[in-house]
Novice: 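Shown below is the structure under consideration.
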Amino acid sequence: MYSHKLLKPDGRPLTLYSRYPIADNIIATSPSNEPVQANPHLRWHPLRGEWVAYASHRQGRTFMPPPEYNPLAPTTKPEFPTELPPGKYDVAVFDNRFPSMAQTAHDPPECIVETLPANGACEVVVFTQNAQASLSSLELEHLDLLLEVWGDRTRELGLNPQIQYVLPFENKGVEVGVTLHHPHGQIYAYPFVPPVPARMLAMQQEYYQEHQRGLLQDLIQKEIADNQRIIYQDEYAIAFVPVCARYPYEVWIAPKEPVGTFMDLTPQQRWGLAKALKTVTLKYDGLWNRPFPYLMAWFQAPTDGLAHPEAHLHAEFFPPYRTSERLKYLAGTELAAGMFANDALPEEKAKELQAVAVDIEMLISA
């Protein structure tokens, strides 16, 4: 992996990544030269026991720009600069212009509940320069690079003692609130372990203390033995509809052997995950022969400097559709009670995805 660090005219860092050497004469661009003045803060929710971020400046963020102006495409007209410079590279990472958290946040307002500066980070990860691409259409070598980029960003962000947890994710499709269709994801780096991964880590830690083995590691072995819901597997990685799926077309991707973070992956595990990621996204798009929306989140160990043998890096996909025409809305029982109700059995949806033909040999040789 090759990388090249730059500084945008507005002061935000930009890192370019590539499978090949990057020219050193690339000049960073930005839609605006004005420095980002974001100062988000956190307020404590006493009933839920969790932090809520407030970032009112995000009301002015880019929303469904016209097709002729894509802020995530490389700049073609210097008088209309975008977030990305022209040049040869594969992936770009830069600080969000409209962050929910910022490492420079300070002086939160006084309130009747506890407040803190939202000292985290929000990065945009542009997967490719091709505006018409998607994860399913990228070459395996490109996906392998993306996994390595997530590892590099985890390492870089985790060097800051303020940062406790790094969460890469992708929102794909208007159904999950996407406002820019260029293939990209985000990375949120939190000053604490957020509630969902904290709950998952607590369950994994309890299991590890009792069994001296990983919870997800053993669940994967049970899924393999059951052999009903597997979407892809090789020696190093697996993708499956979990037996406990909360969404009809939910899929998890993981290395078979536990590693805590992207940084801990072997090249073989990373390549296996790249094949699993491409297989799953191809099957999603092939299910109804149209782009398939989802939220993809990657869960890993905290960056708190402590050992986390219980943690098992994995991705979870949360697709919003329950049929080709009907959305799975989160309503009363999900939002109010926190208990999901699934209208379809995981085994049924797994069969639908298993039936979507994907040429694995073609993927391996791509």
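Model, not experiment: these values are computed from the prediction. Computation of the quantities below employed the complete heavy-atom set of this structure, encompassing side-chain atoms and omitting hydrogens, waters and symmetry-equivalent molecules.
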Novice: I'd like to know if the side chain of T75 reaches the main chain of K77, judged simply by a donor and an acceptor atom lying under 3.5 Å from each other, with no hydrogens or angles considered.
Specialist: no
Novice: Under 3.5 Å, side chain of H184 to main-chain N/O of T128, donor-acceptor pair present?
Specialist: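 Flag not set: sc H184 to bb T128 has no pair under 3.5 Å.
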Novice: Apply salt bridge (Lys or Arg N to Asp or Glu O under 4.0 Å) to residues K328 and E334 and explain how you reach the verdict.
Specialist: CA-CA 11 Å; K328 163 65 176 176; E334 290 90 1; 2.8 Å; yes
Novice: On the six-membered ring of F318, is R246 placed so that its NZ or CZ lies under 6.0 angstrom from the centre and within 45° of the ring axis?
Specialist: yes
Novice: Any donor and acceptor pair, going by atom type alone, linking the side chain of K278 with main-chain N or O of L138 inside 3.5 Å?
Specialist: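 Yes; at least one donor-acceptor contact below 3.5 Å.
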Novice: Are the side chain of R290 and the backbone of S324 linked by a donor-acceptor contact shorter than 3.5 Å?
Specialist: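 Side chain of R290 to backbone of S324: a pair is present.
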Novice: Looking at Y247, does the NZ or CZ of R322 lie under 6.0 angstrom from its six-membered ring centre and within 45 degrees of the ring axis?
Specialist: no
Novice: Test Y249 against every option in Y321, Y294, W288 by the ring pair (Phe, Tyr, Trp, His ring centres under 6.0 Å) rule and name the one that passes.
Specialist: W288
Novice: Is there a donor-acceptor pair under 3.5 Å between the side chain of K8 and the backbone N or O of T29?
Specialist: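 The answer is yes, because a donor-acceptor pair under 3.5 Å joins these two groups.
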Novice: Looking at T15 and K5, would you say the former's side chain and the latter's main chain have a donor-acceptor pair under 3.5 Å?
Specialist: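 No; judged by distance alone, with no hydrogens or angles, the pair does not exist.
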Novice: Which pairs with one or both residues in residues 130-151 pass ring pair (Phe, Tyr, Trp, His ring centres under 6.0 Å), sequence neighbours excluded?
Specialist: W150-F262, W150-W298
Novice: For the rings on F169 and Y188, is their centre-to-centre separation under 6.0 Å?
Specialist: yes
